Protein chains: 2
Amino acid sequence: MALRESILGLLCDGPMTGYEIKQFFRNVIRNFWSVSDGQLYPTLKKMHAEDLISLRVVRQDSTANKHVYSISEKGRGQFEKWLREPVTKFEELKEPFVLKVFFFDKLSHEEVIRHLRSQLDLHARILDEFRSIRDSYKGRITAFQGMIGDMGVLYVEVRMLWINRMIDMVHKGLIEKKGALYTEEMVEIGKKFLEEIFSEKPSQEFQKWLRKLQSGLPVVADKRPRSKQVRSMADGLSR
Amino acid sequence: MALRESILGLLCDGPMTGYEIKQFFRNVIRNFWSVSDGQLYPTLKKMHAEDLISLRVVRQDSTANKHVYSISEKGRGQFEKWLREPVTKFEELKEPFVLKVFFFDKLSHEEVIRHLRSQLDLHARILDEFRSIRDSYKGRITAFQGMIGDMGVLYVEVRMLWINRMIDMVHKGLIEKKGALYTEEMVEIGKKFLEEIFSEKPSQEFQKWLRKLQSGLPVVADKRPRSKQVRSMADGLSR
DNA sequence: CTACTCATGTAACACGTTACATGATTTC
DNA sequence: GAAATCATGTAACGTGTTACATGAGTAG
């Protein structure tokens with residue numbers, strides 16, 4: 001759970017009302033982490049009960065009273081502990097669209113293209129939004145917060161590239177039907193893959209990466225001369 | 001909910017036991033969609049109760065009986081309806097690590113670097129896995145399934161690039177403290193951004209994209225001569 | 001002798017969304 | 001006069017994880 005910790009993080013810079021926290025999530029953090037009312041208010045209550053935050057109620061005659069929350073020593077400790085803990089889990093992308101792509105074999109080329117174009121439209125729109133908000137924030141936020149904005153833009157760009165490549169693929173007729181999607185062979189291969197993940201000894205390729213990393217070289221750089229390169233997956237991305 | 005639909009999708013190609021479905025999720029689909037036992041078995045039961053799938057129990061003396069499920073007409077209808085429905089929602093990335101990055105201002109440079117390096121290690125390892133499984137599957141899966149593998153690799157590559165840029169940034173001392181992370185200004189800007197998202201009229205930039213798209217040009221291509229380009233966000237990605 | 005595979009499940013919990021409720025004030 | 005803003009919340013539901021239970025067979 002990271003909602004509690006992010007609330008604590010906000011309160012580190014000074015007291016805030018529940019409504020202000022809600023607004024901040026809705027209008028700023030929402031780019032990468034959303035919270036609903038039905039989750040936020042009960043969570044604040046629970047955190048108060050656990051002495052992570054203290055509460056001061058400000059009377060308002062016209063409307064509901066304001067609840068001003070401040071971080072407690074206990075809360076600050078918990079936040080700092082969380083912030084320093086290394087993240088050791090790779091977060092999988094769980095996207096309904098990708099699940100549909102898995103089954104695209106079962107659709108006609110026209111239907112697939114319709115799907116891909118509508119995704120492209122959606123992403124183009126989102127990219128536009130991400131770019132304008134990034135521009136508006138320029139100079140007002142920390143360098144790290146700026147990098148989060150960059151990640152958003154970059155991610156959407158890459159997705160569009162990916163979708164475009166699928167469109168190309170269909171147009172060029174590179175799709176042949178393969179029969180059943182499920183084969184025992186696939187499961188077997190997956191098992192091998194799993195073993196490698198959970199065995200603690202890293203593979204050779206991983207060790208090469210590590211050496212590069214430690215020598216200070218850019219880890220993802222491709223050293224082949226531009227002209228000789230196989231078309232890179234991320235070619236042609238613009239800023 | 002997409003778990004039910006993906007189960008139906010698997011059963012389209014023939015009957016499977018609960019255990020086989022579980023294995024398939026665990027060893028193949030898990031790359032982009034995971035399911036726990038505690039979710040799968042009850043879901044199969046519910047789907048059977050709703051007549052989406054039919055059940056045949058195969059007696060086994062030595063151990064628990066096998067439950068062989070087949071898709072029903074109703075189930076097939078529901079799957080096909082789902083598969084054809086356009087995806088209109090942009091799935092936000094909800095990642096604990098990004099949330100931490102938001103608060104990196106509150107850590108020392110050394111602590112930030114430690115975080116970033118451990119993330120890089122993790123991603124290098126995952127990249128390795130993604131690449132090997134992609135290679136193993138080559139020739140055995142549909143072109144679309146192959147593209148899912150490519151997306152995974154591409155995504156991890158981009159993340160590593162992003163993390164490397166943050167490391168660079170810290171080393172070059174491009175990080176200045178900005179005081180409070182929360183400002184009313186940010187909320188105001190966010191509100192404007194929101195309006196643009198929900199107003200149905202697309203912006204000029206979005207329309208430019210759309211024109212490019214409809215004229216068949218690659219939408220994300222950057223036409224500036226290579227030498228004059230500002231270093232692109234995704235420069236140096238390898239296959 | 002330990003641990004894993006096959007094969008199914010349950011119960012408790014954690015996380016998150018949606019819809020609703022209140023009620024005055026301000027803006028279109 | 002309708003709708004949004006300010007300001008708080010509850011109840012019902014849906015999704016998903018973790019830990020546990022059973023019990024035989026097999027591989028190291």
Side-chain angles (χ1 to χ4, degrees), chain A residues 1-7 16-27 29-30 33-50 55-69 89 91-92 94-96 99 184 187-188 190-191 194-195 198-199, chain B residues 1-7 16-27 29-30 33-50 55-69 89 91-92 94-96 99 184 187-188 190-191 194-195 198-199:
Chain A
M1 191 176 15
L3 170 60
R4 302 160 91 88
E5 281 79 7
S6 56
I7 291 171
M16 284 170 91
T17 70
Y19 192 72
E20 278 174 329
I21 294 172
K22 172 186 155 174
Q23 290 297 89
F24 198 69
F25 269 101
R26 192 168 172 67
N27 294 320
I29 297 181
R30 216 227 0 188
W33 200 282
S34 66
V35 184
S36 59
D37 289 15
Q39 201 193 351
L40 180 62
Y41 286 114
T43 300
L44 285 170
K45 250 193 174 171
K46 272 179 240 157
M47 288 171 73
H48 180 232
E50 291 165 28
L55 168 64
R56 191 168 55 85
V57 178
V58 176
R59 287 266 177 86
Q60 294 193 137
D61 292 332
S62 60
T63 181
N65 294 334
K66 277 183 186 176
H67 289 199
V68 181
Y69 293 101
K89 205 196 146 213
E91 217 61 28
E92 71 188 320
K94 218 176 178 183
E95 290 188 73
L99 206 57
E184 274 176 47
V187 174
E188 283 313 308
K191 269 185 203 160
L194 265 187
E195 266 170 46
F198 291 119
S199 74
Chain B
M1 189 172 19
L3 170 60
R4 301 161 90 88
E5 281 80 7
S6 55
I7 291 171
M16 284 171 90
T17 70
Y19 192 73
E20 277 174 329
I21 294 172
K22 173 186 154 176
Q23 290 297 87
F24 197 70
F25 269 100
R26 191 168 173 67
N27 295 319
I29 297 183
R30 216 232 353 193
W33 201 282
S34 67
V35 184
S36 59
D37 288 15
Q39 202 193 351
L40 180 63
Y41 286 113
T43 300
L44 286 170
K45 249 194 177 173
K46 273 179 238 157
M47 286 170 73
H48 180 234
E50 291 165 27
L55 168 64
R56 191 169 56 85
V57 177
V58 176
R59 287 266 178 87
Q60 294 193 135
D61 291 332
S62 59
T63 180
N65 294 335
K66 276 184 186 177
H67 290 198
V68 181
Y69 293 101
K89 205 195 146 214
E91 217 61 29
E92 69 188 324
K94 219 175 178 184
E95 290 189 74
L99 206 56
E184 277 175 43
V187 175
E188 285 311 309
K191 270 185 202 160
L194 264 188
E195 267 170 44
F198 291 119
S199 73

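Just so you know, these numbers come straight off a predicted model, no measurement behind them. In what follows, every chain begins at residue 1, and chains take the letters A, B, ... in the order their sequences are listed.
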Rounding to an integer number of Å, can you tell me how far [X] [atom1] sits from [N] [atom2]?
X	N	atom1	atom2	answer
A:R4	C:dG16	CZ	P	11 Å
A:N27	D:dT5	CG	C1'	12 Å
B:Q60	D:dA24	CD	P	14 Å
B:K45	C:dT8	NZ	P	12 Å
A:H67	D:dC6	NE2	P	17 Å
A:M16	D:dT8	CE	P	11 Å
B:D61	C:dC6	CG	C1'	15 Å
B:K46	C:dG9	NZ	P	13 Å

Task: Contact nearer the 5' end of DNA chain C, comparing B:Y69 with B:E92 - done: B:Y69
Name the closest nucleotide to the [X] side chain, picking from [options].
X	options	result
B:K66	D:dT5, C:dA7, C:dT17	C:dA7
B:Y41	C:dC15, C:dA7, D:dT17	C:dA7
A:K94	D:dG16, C:dA7, C:dC15	D:dG16
B:Q39	C:dC15, C:dT8, D:dG16	D:dG16
A:D37	C:dG9, D:dT17, D:dT8	D:dT8
B:T17	D:dT18, C:dT18, C:dT8	C:dT8

TODO: Would you tell me if any nitrogen or oxygen in the side chain of A:Q23 comes within less than 4.0 Å of OP1 or OP2 on D:dC6?
DONE: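 Answer yes for this pair, as a side-chain N or O of A:Q23 is under 4.0 Å from OP1 or OP2.
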Task: Pairwise side-chain contact, A:F24 with A:M16, heavy-atom cut-off 4.5 Å (strictly under) - done: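 Contact flag for A:F24/A:M16 side chains = yes.
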Open item on the list: Are A:H67 and A:T17 packed together at the side-chain level, in the sense that at least one heavy-atom pair is separated by less than 4.5 angstrom?
Closed with: no
Open item on the list: Counting the atoms with a prime plus P, OP1 and OP2 as sugar-phosphate, which does A:G18 contact under 4.0 Å by heavy atoms, base, sugar-phosphate, or nothing?
Closed with: sugar-phosphate
Task: side-chain contact (heavy atoms from CB on, under 4.5 Å) assessment of B:L44 paired with B:L55 - done: CA-CA 10 Å; B:L44 286 170; B:L55 168 64; over 6 Å; no
Open item on the list: A:E50 vs A:R4, test: side-chain contact (heavy atoms from CB on, under 4.5 Å). Steps then yes/no.
Closed with: CA-CA 11 Å; A:E50 291 165 28; A:R4 302 160 91 88; 2.4 Å; yes
- [ ] Can you spot which of A:I7, A:I21, A:V35 makes a side-chain contact (heavy atoms from CB on, under 4.5 Å) with A:T43?
- [x]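 Among A:I7, A:I21, A:V35, the one that satisfies the side-chain contact (heavy atoms from CB on, under 4.5 Å) with A:T43 is A:I7.
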Task: Along DNA chain D (nearest heavy atom to each residue), the more 5'-positioned of A:K22 and B:S34 - done: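 That would be A:K22.
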Task: Donor-acceptor pair present, A:T63 side chain and C:dG23 base, under 3.5 Å - done: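 It does, because a donor-acceptor pair links the side chain of A:T63 to the base of C:dG23 below 3.5 Å.
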